[in-house]
Number of protein chains: 2
Amino acid sequence: MTTISPQREVTRDLVLDAALALFTEKGYFNTSVHDIGRKAHVSIGSIYHHFGDKAGLARALYSALTAHMAQRIGTLERQHGSCHDQARAVVAELFDLTESAPPVMNFMLYARHREFLPDEPPVCSSRPFAMMREMVRRGMASGEIRRMDPLIASTCLFGGPLRMITARLDALLPRPLPDYLDDTWTCAWRAVATS
Amino acid sequence: MTTISPQREVTRDLVLDAALALFTEKGYFNTSVHDIGRKAHVSIGSIYHHFGDKAGLARALYSALTAHMAQRIGTLERQHGSCHDQARAVVAELFDLTESAPPVMNFMLYARHREFLPDEPPVCSSRPFAMMREMVRRGMASGEIRRMDPLIASTCLFGGPLRMITARLDALLPRPLPDYLDDTWTCAWRAVATS
DNA sequence: GTCTATATCATGATAGAC
DNA sequence: GTCTATCATGATATAGAC
């Protein structure tokens, strides 16, 4: 969200950051545009000037975050050879991100976008999720993963880890997620691995 | 939700059914109390008489559904001996329920209750989820499930199946969930089983 | 591009007759 | 217990000066 930041972009980023924090803390519908402006020290007029309406703001946030995540996954794919290593790196990254930036994780995979962005496809159809499914498909082709419906395989592989994330966001887990990574990943991989 | 239904309860059930349908279709915040009254053919006054306020209505719905589900799980526990059979029966039940009553499933495990019921604990703390964790704990004691943090085990066991449910609710899966039960369960159980 | 002030409107909730 | 009519609030969004 923060790049070269010509003055032009500064306001936008201020607003997006405030919106992310408030959406996570109180939810989209419990957050008014006034709240966002107050928190970002930006006037309502500016917000509407930049984003058109409240949904436009949410949309901008959503695509910025998923684009960034897709890019991260792409990098991890290039850094690791096997499907096993790639998928594990993705889970590790998601766990780290949950601790370092809970609101990002919360908004990206826990918020019910359908309710405030009716035209946006569901999260599981977003770019990052598609990349993860594709990763599984390749692992099946290479023989690392048992042959089955790829949709089932990818849901079973990532389902556990993803629920660990939501459990952590709900404060159900006492310790930071990376502490649970080894055990979680062992279970996840056993679920679908050939060996 | 429908028992003996003295006239006293008839209005309540009418309202709860309409609310469930609308909350699922448009979300809690996009549904007005007027909408609910219109759909249930009941006046606003009656709704407030019975439920106090909009959140009270949601609370009544939430506890009715989780109570019912907890009861179903209890029955399944009694009908099956091993942890494996119990847990599989629970997943089968959840899959069936997702097809026969999508709104029930949707409201129970997909809605973001925190946003409209701030005082209610998160879903994963509800009775049914607690029962499922306890089931896993027993399976670990009896040696069916590998020794590990019980919270991780239960998340890994049920994480895949639960994500299958949300995928189906998001219309990502073309066929009815029970068609996927065998493969999903095989993966889920392998994730945590000792053998 | 940013601001303040304001229009408009829908919603949650209540009053009070029957 | 159910209804209709109404209130009061607070939200989204706009207008128009700077």
Side-chain angles (χ1 to χ4, degrees), chain A residues 1-23 25-62 111-113 115-120, chain B residues 1-23 25-62 111-113 115-120:
Chain A
M1 207 124 52
T2 335
T3 44
I4 359 161
S5 297
Q7 187 59 27
R8 170 91 209 294
E9 299 292 296
V10 145
T11 306
R12 276 184 70 97
D13 288 352
L14 241 38
V15 171
L16 289 173
D17 285 346
L20 175 59
L22 289 169
F23 288 168
E25 185 187 337
K26 322 196 302 172
Y28 177 85
F29 291 101
N30 293 318
T31 300
S32 74
V33 181
H34 287 270
D35 293 335
I36 298 170
R38 196 153 31 235
K39 176 144 192 158
H41 304 288
V42 161
S43 73
I44 297 235
S46 285
I47 297 181
Y48 277 93
H49 172 77
H50 281 285
F51 299 101
D53 61 4
K54 190 183 176 184
L57 173 48
R59 213 171 354 250
L61 195 54
Y62 182 71
R112 298 251 34 211
H113 308 103
E115 293 186 11
F116 52 89
L117 295 179
D119 296 334
E120 216 72 17
Chain B
M1 207 124 51
T2 335
T3 43
I4 0 162
S5 297
Q7 187 60 26
R8 168 91 210 293
E9 299 291 298
V10 144
T11 306
R12 276 184 70 98
D13 288 352
L14 242 37
V15 171
L16 288 173
D17 285 346
L20 176 59
L22 289 169
F23 288 168
E25 185 188 337
K26 321 197 302 172
Y28 177 85
F29 290 101
N30 293 318
T31 300
S32 74
V33 181
H34 285 94
D35 292 336
I36 298 170
R38 197 154 29 234
K39 176 144 192 157
H41 303 289
V42 162
S43 73
I44 297 238
S46 285
I47 296 182
Y48 278 92
H49 173 78
H50 281 285
F51 299 100
D53 60 4
K54 190 183 176 184
L57 173 49
R59 212 170 356 250
L61 196 53
Y62 182 72
R112 298 252 33 210
H113 309 102
E115 293 187 11
F116 52 89
L117 296 179
D119 296 333
E120 214 73 18

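A, B, ... follow the sequence lines: proteins, then strands. Residue 1 opens every chain. All values below come from the heavy atoms of this structure, side chains included, with hydrogens, waters and symmetry mates left out.
The nearest pair of heavy atoms linking E115(A) to K26(B) is CG-O, 4.4 Å. Of all heavy-atom pairs spanning K39(A) and A18(A), the tightest one is CG-CB, 3.7 Å.
The CZ atom of F51(A) sits 10 Å away from the P atom of dT2(C) (whole-angstrom rounding). Across the protein-nucleic acid pair, H50(A) atom NE2 and dT14(D) atom P stand 16 Å apart, rounded to whole Å. Between the C1' atom of dA11(D) and the CG atom of D53(A) lies a distance of 13 Å, rounded to the nearest Å. Separating the NZ atom of K54(B) from the P atom of dT14(C) is a distance of 15 Å, rounded to the nearest angstrom. One interatomic measurement links the two molecules: CD1 of I47(A) to P of dA11(D), which rounds to 13 Å at whole-angstrom precision. Between D13(B) atom CG and dG1(D) atom P there is a gap of 14 Å when expressed in whole angstrom units. Rounded to a whole Å, the NE2 atom of H41(B) is 22 Å from the P atom of dG1(D). Rounded to an integer number of Å, the gap from CD1 of I44(A) to P of dT14(D) is 12 Å.
The side chain of S46(B) contributes an N or O atom lying less than 4.0 Å from OP1 or OP2 of dC3(D). For the pair T11(A) and dT2(C), the criterion of a side-chain N or O lying under 4.0 Å from OP1 or OP2 is met. At dT2(C), none of the side-chain N or O atoms of H49(A) fall inside 4.0 Å of OP1 or OP2 (strictly under the cut-off).
Judged purely by atom type and a 3.5 angstrom limit, D35(A) uses its side chain to pair as donor or acceptor with the backbone of S32(A). In terms of modelled atom types and a separation under 3.5 Å, the side chain of K54(A) and the main chain of T31(A) share a donor-acceptor contact.
Partner of I36(A) under the side-chain contact (heavy atoms from CB on, under 4.5 Å) criterion, out of L14(A), L16(A), L57(A), L20(A): L57(A) alone.
Of the listed nucleotides (dT4(C), dG12(C), dA13(D)), dA13(D) has the atom at the smallest distance from the side chain of Y48(A).
Ring pair F29(A)/F116(A) is perpendicular by interplanar angle, where above 60° counts as perpendicular and below 30° as parallel.
Remark: T31(A), S32(A), V33(A), H34(A) in residues 29-39 of chain A come within less than 4.0 Å of DNA chain D through at least one heavy atom.
In this structure, the side chains of H50(A) and T11(A) come closer than 4.5 Å at one or more pairs of heavy atoms.
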